[in-house]
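Every chain is numbered from 1 and lettered A, B, ... according to where its sequence line falls, protein lines coming before strand lines. Computed from a prediction, not measured in an experiment: that's the story for all the values here.
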Amino acid sequence: MSGSKPDILWAPHHVDRFVVCDSELSLYHIESAVSSELKSGSLRLSEETTATLLSINSDTPYMKCVAWYPKYDPECLLAVAQANGRVVLTSLGQDHNSKSKELIGKEFVPKHARQCNTLAWNPLDSNWLAAGLDKHRADFSVLIWDISSKYTPESAVATEKVRLSTGDAEAGLVVTKPLYELGQNDACLSLCWLPRDQKLLLAGMHRNLAIFDLRNTSQKMFVNTKAVQGVTVDPYFHDRVASFYEGQVAIWDLRKFEKPVLTLTEQPKPLTKVAWCPTRTGLLATLTRDSNIIRLYDMQHTPTPIGDETEPTIIERSVQPCENYIASFAWHPTSQNRMVVVTPNRTMSDFTVFERISLAWSPVTSLMWACGRHLYECTEEGKASSLEKDIATKMRLRALSRYGLDTEQVWRNHLLAGNEDPQLKSLWYTLHFMKQYTEDMDQKFTGNKGSLVYAGIKSIVKSSVGTTENLRHSRNGFDSQADIIQYLSEERSLALQLCGWIKKGTDLDVEPFLHSLEQEGDWERAAAVALFNLDIRRAIQILNKGASFGKGDLNLNVVAMALSGYTDEKNSLWREMCSTLRLQLNNPYLCAMFAFLTSESGSYDGVLYEKNVAVRDRVAFACKFLIDSQLNRFIEKLTNELKDAGNLEGILLTGLTKDGVDLMESYVDRTGDVQTASYCMLQGSPSDVLKDERVQYWIENYRNLLDAWRFWHKRAEFDIHRSKLDPSSKPLAQVFVSCNFCGKSISYSCSAIPHQGRGFSQYGVSGSPTKSKVTSCPGCRKPLPRCALCLINMGTPVSSCP
Amino acid sequence: MELHILEHRLKVASIAKERIQLFTYGLIKLAFLSSKTRCKFFSLTETPEDYTIIVDEEGFLELPSSEHLSVADATWLALNVVSGGGSFSSSQPIGVTKIAKSVIAPLADQNISVFMLSTYQTDFILIRERDLPFVMHTLAAEFTILRVVNGEMVAADDFGITNGFVKPKLVQRPVIHPLSSPSNMFCVTSLDPDTLPTVATLLMDVMFYSNGVKDSVVGNEDSGHIRFFSFSLIEGYISLVMDVQTQQRFPNNLLFTSASGELWKMVRIGGQPLGFDECGIVAQISEPLAASDIPAYYISTFKFDHALVPEENINGVINALQVSQAEKH
C-alpha cells in the first residue's frame, strides 16, 4: 500500500499462490523444498517451503486494499481499491485470452473521491463487490458494484461534468453507477457479507456496526460501538462476528446484537488485523502493531452464549512466526492452521500453528488425545496380572460380578471381588461376622448390643475392662501350664467371635475354625491357631496332615518334629535354638508359633508384632493372653497403625465408626477404591457413619463412575441396595397417578385428605372405615376409572386392595 | 435527522501573519505528526489578514502563549448534522445550504452566535459551550440530539431550559456587511492520510513560506487574487481548501477530486473584523443561497467569513446578496 506496510493474501483457489501487496502486487508461488539448496530466484519461507516470484503488477498506484475474486479464475483476478476511492479490477496472470479478460482494467468510480477502506466480494454472487469508503458529506460510504455492468453514460450523473481520464470512458471500462448505495453521511471502515443471505452486509461504520439488508435499503440494524474495524464472520459459526477497536477485540453474536458477547483482553498496542482460521472452528488470530507475535484465541469450547452470566472461557495463546515485526498475516484457505506472515521489509515466512493437545481419560483406563485432526487412543497393553491392574479396571470387573451386592453371605463378596486381595477378604469376613452377631443379638435381646458390634473390637475390649477372669489352662499336652494365663470375658469372646476363631456365645471351641482352615490348606495358620489355643497335639497333627496332603511341604513335618520337642525348661537347648532359628522361618505363622512357645509369660511381642500374621489372628491372640491394660494398649496402637496405613483389616478393630471412616479414607486415598468404601459403609447403615460427608462423597462418586461406564442397571441395583440399607437415600416418588379431570395426584390426595378432616365415607367410599377404598378423585370428586377385569378403581393403594 | 455534539472542546485563535515563525514548531506537529499529539481537531486557515487556528484543548497546549496569539474568550463545541437513512436524494445541495433552514436560521433567531467550518467531509457548526443548553432546546424539535462521550454516541440530556426564549420573529435578514469576491478559483479537496508524508514539504511551503512569494496579490483584494488556504485534520480526516494555482503544485492523482471536479469562487463577508458576538451573519448569507438551492461551503475565520459557491453561480449569488444588502437601506 502506498507507503504503508505490506499486506498478504492467499489465493482462494490456487492453494500454492499468494500475493503480497504494498506499492505493487507481487504474486508468489509456494512449493515444498526439503533440500537445503535454493533454486535461483526463490525465497525460503520455512524449513520445508520456498516461494518463487511469478509476476508483479504495478499498474495501480495508491492502493488501499485488495480483495481476491472469489470465483475460480486462472488469471488471479483481484479488486484493488485506491486512495481516491476508485476500485480497479486487475490481474496477475499472463494469459490475456481468458474469460475474465473483459473484466480486467475495469474501474469503479465513486461520485466524490475519498479513501476506500475496505473491499468485500459477495461470497454467493461473485459479480457483487462492496466497497467501504470514508465519509464525504451527504454521499454514501458503502457502494456495491456489479462488476458485470457496463458504463452507461445516460444513466450516470448526466447533469454533472464528468471529468474522467479520457479513453477509459470510451472503452466502457469505467462504471460510475453503483448497484446499491448505503450508509449516507457516514464513513465505512470495514465490511463483510453475511453468509446467511446474499443480500446481508455487515459494515463497521463511523461509530456503529450496521447490518444492511439490500432487500430493503432504507432500513438497517445497527449497534453503537467503537469496535468497528475489521469486521469478520466466523466461517464455522455464521452468527459470530469479530471486530476491533484499538487494542480490543469484540465478539458479537448477531442473534443478540445489542452488545458484544465477549471482549478479549485488551492489547497495549492497536490491533492491525483479526482473522478467523478457515480450517479450524473458533480460532481467532490477532496481530497488533509493532509486534512479532500473533495472538490466538481458541473459542473451541465456548458454549453458545445464552445468558449474560455465562462468561465463556477462551484459551489464549501466542505464536511467534519470525524474529521481526509482522506487517500482516494470512491463513491458508485449506491447509490446516497454516499461515504466511510478511514483515515490513517484505520478508515472508510460512508457518503452521501447532495445535493444542487435549487429553482425556476414559472411564475404562484408556487415554485419548487429540491434536489437530488426529485422535490417538492408548489402551492397556496385554493382560498384565490382575494385581497390577488399574483400580478402575478392577472396580469395573467387580461391578460386573455384582461385588458388594451379596447381603446374605456377606463374606462371599470377597470372592466376587476376585478372591485375590487379603485385605478385602478380611474386610468382608469382618463384616460378615459383625452382621451375624448383630442378627443373633437381635434375636436374643432385641439388639441392645448391636451397635457395639458394628463399633469393632477396639470399643468392645474397652467395655470389657474389669470383667475379665483368669483361666489357667492345663490341657492337651502342656504338662505344666503355670506360666500361661488366658483371660476370658463376655466381650473377649465376642471379639474372638468377630475374629472368626469361635462361632458364637461363650463356646470356646475353635475346632470348626481349624477344620475350615485345614480345608483351605492353610496348615501353618491352622497349626498356629491350635497352638494359641494351647492344643499342641492338635497343632502337630495339623502339620503332619499338611505335610502328607497332596504334594505337601515336607518342612511341615520338620516343624512338627521341632514342635514336639517343646519343653518349658527355661534354659534348655531347645528354647535357645528355637528362639534364634525361628527368625529364619519363612512362614510368619510358624515363626509366631515358636515365638509363643519361647516367650516369657505376659510378653508376647514376637507374636503380636509379627506383621505378616493376619490382624484378626493377632487380635484374637491378644484377647486371649493379654491383661486388660496391655490389651487396650495393643489394640489402640494397632488401630492407629492400620488407620494410617489404610489397611482394611483394621475395620475389625474400628468397626463402622468414625474411626472406620478415617481408616477407609486413607484406604481410598491410597487405592481410589470408592466401590469397596461405598459398599462397606452401607453395611453400617443404621449408624451415623452414613451421614459423614466423606461417605456420601464416596457413594456419589461410585454412582458417577457407574454412570460413566454406562452401567445403568448396575447403578440401579446399587441404588436399590443403598435404599434398602439406608432408607434416607430413597428417592422421592417420581411417578404419580393424577386425576384426568383436575390433574391432582390421587395418591397425594389420599394421604392429605384425612388431615383435612374429610372422611372418605362422605364421598361414596364403601367398605370398612379402616380400609379406605377410593372410587372418586379426592380433589374433584369425579369417579376414577376402573380396571376392566377386577373393577378396582385406579389409584387404590396396593395395600388396600382386597 | 441527527445532531451530534462532538466531544472536542475547541479554542479559536489568531496568529499575526508576520509572527508565524513563533508557532511553526507546534503547528507542524499538529498538522503532520498527529501520532505525537493527542489532538483530534486541528484547523489552520490562512487569510490575507492572519492565520486562524481552531484546535482542541489537547492541541492548544502545543502552542506557545504569546502576545501574537489572540484567543477568542470562549470554549467552543462542534456540532455536526447527520442525515440518516436513504430518504435524501444524492443530488442534495451540499454545505451550509443544506443546514441553513434547519440549524443556522433557528440559531440566528435565538441570537446564538455560530462559527462555521466547512471541510471536504462535512460542515462543523461551532457554538460557545455556554450556549449549549439554548442550542439544544432550540434544535430539539428538529433533531435527535446525540452527544459523543469517549468516542461513543449517547443520547444528550435535555437541560430543561425553557425560559428566555423569544418567539422567533419572522423577519427578513438583510446582509449587513460589505461583500467582496476575489478572482481566484478554489477547490475543496482531501488526501489519503497515508500519502500526507509525501506532500508534507509542499504543504509546509504552502502553509508557512508562500508569503514571501507575494504572488501579484495584496492590495487589490476586490478584483485580484487573495491569499487563502485552509488545512484541517479532524478525527484523522484531512481537508484542504486552496486555489487552483496552488492545487497545480500537487502531484497528479494525489488529491481527491470529485468525479465532477467542480471549482468554487469565494464571497468574503465583512469590511471591519466581525468579532464573535454578532449573530445572524451566516444566516444572512445562507438563507438566500438555500432559497435558490445553490450549494456552498462556509469558512469563518478570526476576522472575516468566507463562503464558497460554484463558479458558475458566483454572479447570481453576488446579485442576490446585493439585493438583500440593498433592502437594508
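Around the CZ atom of A:Arg346, the shell of radius 6.0 Å holds more than 12 heavy atoms that belong to other residues, nucleotides or ligands. When the shell of 6.0 Å around NZ of B:Lys29 is examined, it contains more than 12 heavy atoms from other residues, nucleotides or ligands.
The ring of B:Phe256 has its center no closer than 6.0 angstrom to the ring center of A:His112.
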Q | Test log, rule salt bridge (charged side-chain N to carboxylate O under 4.0 Å, His left out), inputs A:Arg207 and B:Glu235 | A | CA-CA 12 Å; A:Arg207 283 200 178 94; B:Glu235 292 177 354; 3.5 Å; yes
(Q) Quick one, A:Lys226 with B:Asn150, criterion side chain to side chain contact (heavy atoms under 4.5 Å, CB included). Give me CA distance, side-chain angles, the key distance, then yes/no. (A) CA-CA 9 Å; A:Lys226 285 196 265 188; B:Asn150 291 326; 4.2 Å; yes
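Atoms OH and CZ, from B:Tyr237 and A:Arg114 in turn, are 10.0 Å apart once rounded to the nearest 0.5 Å.
Interface remark: B:Val154 contributes no atoms to any contact with chain A (heavy atom separation under 4.5 Å). Neither the backbone nor the side chain of B:Ser190 has a heavy atom closer than 4.5 Å to any heavy atom of chain A. For B:Asn80, the part sitting under 4.5 Å from any heavy atom of chain A is the side chain, from C-beta outward, and nothing else. For B:Pro193, the parts lying near chain A are the backbone and the side chain together; criterion is any non-hydrogen pair under 4.5 Å.
For the set A:Asp134, A:Asn84, A:Asn208, the count of heavy-atom pairs under 4.5 angstrom toward chain B peaks at A:Asp134.
With hydrogens and angles left out, the side-chain atoms of B:Asp192 and A:Tyr62 include no donor and acceptor closer than 3.5 Å.
When all heavy atoms are compared, the tightest approach of A:Lys135 to B:Thr122 is CE-CB, 3.8 Å.
The pair B:Asp194-A:Lys64 meets the salt-bridge criterion, since a charged nitrogen lies less than 4.0 angstrom from a carboxylate oxygen.
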